[in-house]
Structures are given as structure tokens and as C-alpha cells.
Amino acid sequence: MRLGLALGYWGRGPDPRHLELAREAERLGYASVWTAESWGSDAFTALTWIAAHTSRIALGTGIAQMAARTPTATAMQALTLDHLSGGRLLLGLGLSGPQVVEGWYGRPFPASPLTATREYVDIVRQVLRRGAPVTSDGPYHPLPYRGAGATGLGKPLKPITHPLRPDLPVLLGAEGPKNIAQTTRIADGWLPLYWSPLRTGVYEQSLRAAPAGFRIAPLVRAVVCDDVAEGLWPVKAMLGFYIGGMGHAAKNFHARLMARMGFAEEAHRIQELFLTGRRDEAMAAVPDAFADEISLVGPRERIAERLALWRTGPVTDLLVTAPDPHTLRVLAELTA
């Protein structure tokens, strides 16, 4: 089980710790470092900065949002950064939800998310293979464009730049069972938002057709500390925000996932509190048991015991959100 460092996206501004954490992770032998985006900092620019200050560690977007860029624009950024980093990029993509797609990017959320994802990934792969001019007859990203307002002058094009790796790995963030199952067919790996080593059966059916070498790389908050309750609070805060506020009351993929994992009543309560402005109560309402299952928090000995559970399942990469170099070092030692 490889270790990765997940840095996420910026808050109010650049986090001065991120570069040093990335360099320390590389020194410790971590396999990858990942950046993300929501509606603030973007994933590729921060990752390029890290690429310029490291030499071996793989560089992942975890995740880049599909609505932020056309598939050809994403492929351009991917092939560019892959060249500049010497073939270190792992392209993680995700569709996001209606609130972000329509509220931030000003685009309609696709009526068929699976079709939209499949079309997007196909175009990215066409660009990276550079086998022929890129075309798509799909409803979401038609190439050439021939819809309303078209001049009729568009023609299929191949990228001018030859991609360094035509098989550059593509990973997808997916939460619904059908979306996860499709991910095993069209991508090289899956980026679960929540993973509990005690509830792997939740995903068993969706992952049954995963090919050999398929990456399963969940995010996990980790901190070495004496007080487990205190260490879990940032996990509960994150869950309260995602389950309560990252989506509409009637369409929140994170809340649906928590419900499938056995916490339906709690997910509903968190949403109810968050959407009525009681955010602190929503975060406090996150069950300690759920937060604990999807994280690695506590003294070194406790984390060592819990890591054994993660190793028994299909996880190939553990993408660690760790706030300090000490935690990174402890995890490196425990997985050596």
C-alpha cells in the first residue's frame, strides 16, 4: 500500500506549509502528492509549483473538476505538466455537483453524469494518444462543435505537442455505485472521498470488475496525537461541511454516500442542522464512530493497529491529509 500526501485546496490564501510538506513526503519515500480545487485555488498551478521543487514524487490532481475546463483544455494541461515534470503526473478528475457546476462554472449539470464522464475521459485519452484528429459525437462535448451559433468552420485537430506518455494514468472521483462501476471500466484508478476498512462491502459490487493494477486511492485524515477526540474534530468539521453544505438538501452526493455506509439518520440530521444555519451543531452531530473509521487519529500504537485494517482490503494508495511532518514520518515508518 503506497502512501500519498493530499494537500487539498487553499483556504483564504496559500498555505505556507504545503511545499515543505511535499518535499518532506518525497524525502520520506511517499509515492505521490495531490492537490485539489473547489471554487478558489486551482489544482494544476499549485501542483506545477510543487513539481518545480521536487524531482521524484508523482504529482496528482485530486481532483480537477471537469466543469472547470473542456476535456481538450484539461488534456493540454496534463500533457504540459507531464512533460515539465518528467512523466510524473496522475490525472485525477471529478464531475462535482450541481451547486458547483451551475453556481460557479455557469454550466448545466449533466442530465446523464455517467455519459458526460465517459465522453470527457474518452476525449482526454484521444488527445494523449495523438493517434488521429480528436472527434466526439457525444451530447456534452461535441468535436467539432456544430451546434447553435457555429460557423461551420471547425475541423478535427491533433495536439501540436506530442504527449510524453500516451498512457498517462487517469483516475476518477466517483461516489455512486454505477459511477464507481463505470470508473473500473474507463479509468486507471478511483479516488474515494470516504473509505472505511470496516465497510468495504459497500463498494464490493461496484468494484468486482476492476482490472489488475487498478488503483484505489482514498483520502484519509491522519494525525499522531494523544487526544483522539481532539484529533477527530477536524474530520468532523470537514464531514459536517461536505455532508451538510456541499450540495442541495435534495441532491447531496456526500450525504447519500454516508447513508449507504450505514449512517442515514445521522446524515439527514447533519444536513438539517447545516442548512438552517446551525453549522457548529452540524459538525458536532457527525458521529465519532464514522469520523474515526475513515481516518487515522491517535497515538502511534493506535494508528499502527488501524493501519493493519487498511492493509487487508483492496486499497492500493493511502492519500494522507496530514498537518505536520511528524505524522508523515510516523506513517512512513509504520508502512515501511
Side-chain angles (χ1 to χ4, degrees), residues 36-39 42-45 60-83 89-191 209 247-248 251 253:
E37 60 191 13
S38 54
W39 50 90
D42 79 281
F44 285 100
T45 305
T61 56
I63 60 173
Q65 295 174 331
M66 296 182 198
R69 307 162 189 85
T70 65
T72 47
T74 293
M76 289 168 63
Q77 287 195 273
L79 71 86
T80 302
L81 182 49
D82 202 45
H83 268 292
L89 186 66
L90 300 167
L91 181 59
L93 300 171
L95 195 58
S96 194
Q99 279 198 325
V100 175
V101 173
E102 297 182 0
W104 183 248
Y105 296 115
R107 304 181 59 180
F109 188 76
S112 176
L114 271 69
T115 301
T117 299
R118 192 164 59 246
E119 182 182 332
Y120 199 103
V121 171
D122 175 67
I123 293 172
V124 168
R125 291 208 189 274
Q126 285 189 59
V127 174
L128 294 174
R129 287 194 299 265
R130 202 179 179 272
V134 180
T135 61
S136 176
D137 295 326
Y140 295 104
H141 298 283
L143 291 172
Y145 176 72
R146 297 189 177 90
T151 64
L153 301 177
K155 66 176 185 178
L157 299 170
K158 290 170 64 174
I160 295 170
T161 304
H162 291 231
L164 182 64
R165 292 184 297 163
D167 58 349
L168 187 155
V170 176
L171 297 88
L172 296 178
E175 292 184 40
K178 291 181 180 179
N179 202 355
I180 298 168
Q182 174 175 267
T183 297
T184 67
R185 298 191 296 271
I186 67 172
D188 302 294
W190 173 42
L191 297 164
H248 189 269
K251 196 161 191 173
F253 302 128

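Numbers here are sequence positions counted from 1.
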Asker: Do you know which two heavy atoms are closest between Pro163 and Arg130, and how far apart they sit?
Answerer: CD-CD, 3.8 Å
Asker: Let's go through Tyr120 and Thr74 carefully: what are the C-alpha distance in whole Å and the side-chain angles of both, what is the deciding distance for side-chain hydrogen bond (donor to acceptor under 3.5 Å, both in side chains) to 0.1 Å, and is it a yes or a no?
Answerer: CA-CA 10 Å; Tyr120 199 103; Thr74 293; 2.6 Å; yes
Asker: Glu119 versus Thr117: any side-chain heavy-atom pair under 4.5 Å?
Answerer: no
Asker: State, yes or no, whether a side-chain contact exists between Gln65 and Val100 at a heavy-atom distance under 4.5 Å.
Answerer: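 Result yes, sub-4.5 Å side-chain heavy-atom pair found.
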Asker: What is the minimum heavy-atom distance between Ile186 and Leu172, and which atoms define it?
Answerer: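 Smallest heavy-atom distance, with atoms named: CD1-CD1, 3.9 Å.
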Asker: Verify, without hydrogens or angle tests, whether Thr183 (side chain) and Trp190 (backbone) share a donor-acceptor contact under 3.5 angstrom.
Answerer: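 Answer holds: no.
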Asker: List for me each residue that meets side chain to side chain contact (heavy atoms under 4.5 Å, CB included) alongside Thr70, sequence neighbours excluded, and say none if there are none.
Answerer: Thr72, Ala73
Asker: Do Arg165 and Leu89 touch side chain to side chain, with heavy atoms closer than 4.5 Å?
Answerer: yes
Asker: Using 4.0 Å as the upper bound for N to carboxylate O, is an ion pair formed by Arg125 and Asp188?
Answerer: yes
Asker: If we only count heavy atoms from C-beta on, is the Val124 to Leu91 side-chain gap below 4.5 Å?
Answerer: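 Contact flag for Val124/Leu91 side chains = yes.
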Asker: Check whether any side-chain N or O of Glu37 sits under 3.5 Å from a backbone N or O of Ala43 as a donor-acceptor pair, and report yes or no.
Answerer: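 Indeed, once roles are kept as given, a pair shorter than 3.5 Å links the two residues.
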Asker: Can you name the one residue among Ser112, Pro108, Pro71 that meets side chain to side chain contact (heavy atoms under 4.5 Å, CB included) with Tyr140?
Answerer: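 That would be Ser112.
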Asker: Apply the test side chain to side chain contact (heavy atoms under 4.5 Å, CB included) to residues Leu157 and Lys155: give CA-CA distance (whole Å), side-chain angles for both, the deciding distance (0.1 Å), then the verdict.
Answerer: CA-CA 6 Å; Leu157 299 170; Lys155 66 176 185 178; 3.9 Å; yes
Asker: Grab the two heavy atoms, one from Leu164 and one from Pro166, that are nearest each other, plus how far apart they are.
Answerer: O-CD, 3.9 Å
Asker: Kindly check if the number of other-residue, nucleotide or ligand heavy atoms within 6.0 Å of CG (Asp137) is above 12?
Answerer: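 No, not enclosed.
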Asker: Taking only residues two or more places apart in sequence, or in another chain, which ones meet Gln126 in a side chain to side chain donor-acceptor pair (under 3.5 Å)?
Answerer: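 If we apply the side chain to side chain donor-acceptor pair (under 3.5 Å) test to Gln126, skipping adjacent residues, the hits are Asp122.
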Asker: So, does Thr45 use its side chain to make a donor-acceptor pair with the main chain of Asp42 at under 3.5 Å?
Answerer: no
Asker: Using the side chain to side chain contact (heavy atoms under 4.5 Å, CB included) definition, which of the options Leu171, Leu95, Leu191, Leu93 pairs with Ile63?
Answerer: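 The option that passes is Leu191.
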Asker: Are the side chains of Leu168 and Leu79 in contact, using a 4.5 Å heavy-atom criterion?
Answerer: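 Leu79 vs Leu168: side chains apart.
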Asker: Output yes when a side-chain donor or acceptor of His83 lies under 3.5 Å from a complementary backbone atom of His162, and no otherwise.
Answerer: yes
Asker: Might you point out which heavy atoms bring Pro133 and Pro156 nearest each other, and give the distance in Å?
Answerer: CB-CB, 3.5 Å
Asker: For a 4.5 angstrom cut-off between non-hydrogen side-chain atoms, does Ile123 reach Ser136?
Answerer: yes
Asker: Ignoring hydrogens, what is the shortest heavy-atom contact between Phe109 and Pro98? Give both atom names and the distance.
Answerer: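 That would be CD1-N, 3.6 Å.
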Asker: Would you indicate whether the side-chain heavy atoms of Phe44 and Arg69 approach each other to under 4.5 Å?
Answerer: yes
Asker: Working note: Lys178 + Leu114, criterion side chain to side chain contact (heavy atoms under 4.5 Å, CB included); need CA distance, chi angles, decisive distance, verdict.
Answerer: CA-CA 8 Å; Lys178 291 181 180 179; Leu114 271 69; 3.9 Å; yes
Asker: Say you draw a straight line from CZ of Arg118 to CG of Asn179; how long is it, rounded to the nearest 0.5 Å?
Answerer: 10.0 Å
Asker: I need the minimum non-hydrogen distance between Ala187 and Val170, along with the two atoms involved.
Answerer: CB-O, 3.4 Å
Asker: Would you mind reporting whether Glu102 and Arg107 have side-chain heavy atoms less than 4.5 Å apart?
Answerer: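 Counting from C-beta outward, Arg107 and Glu102 never come under 4.5 Å.
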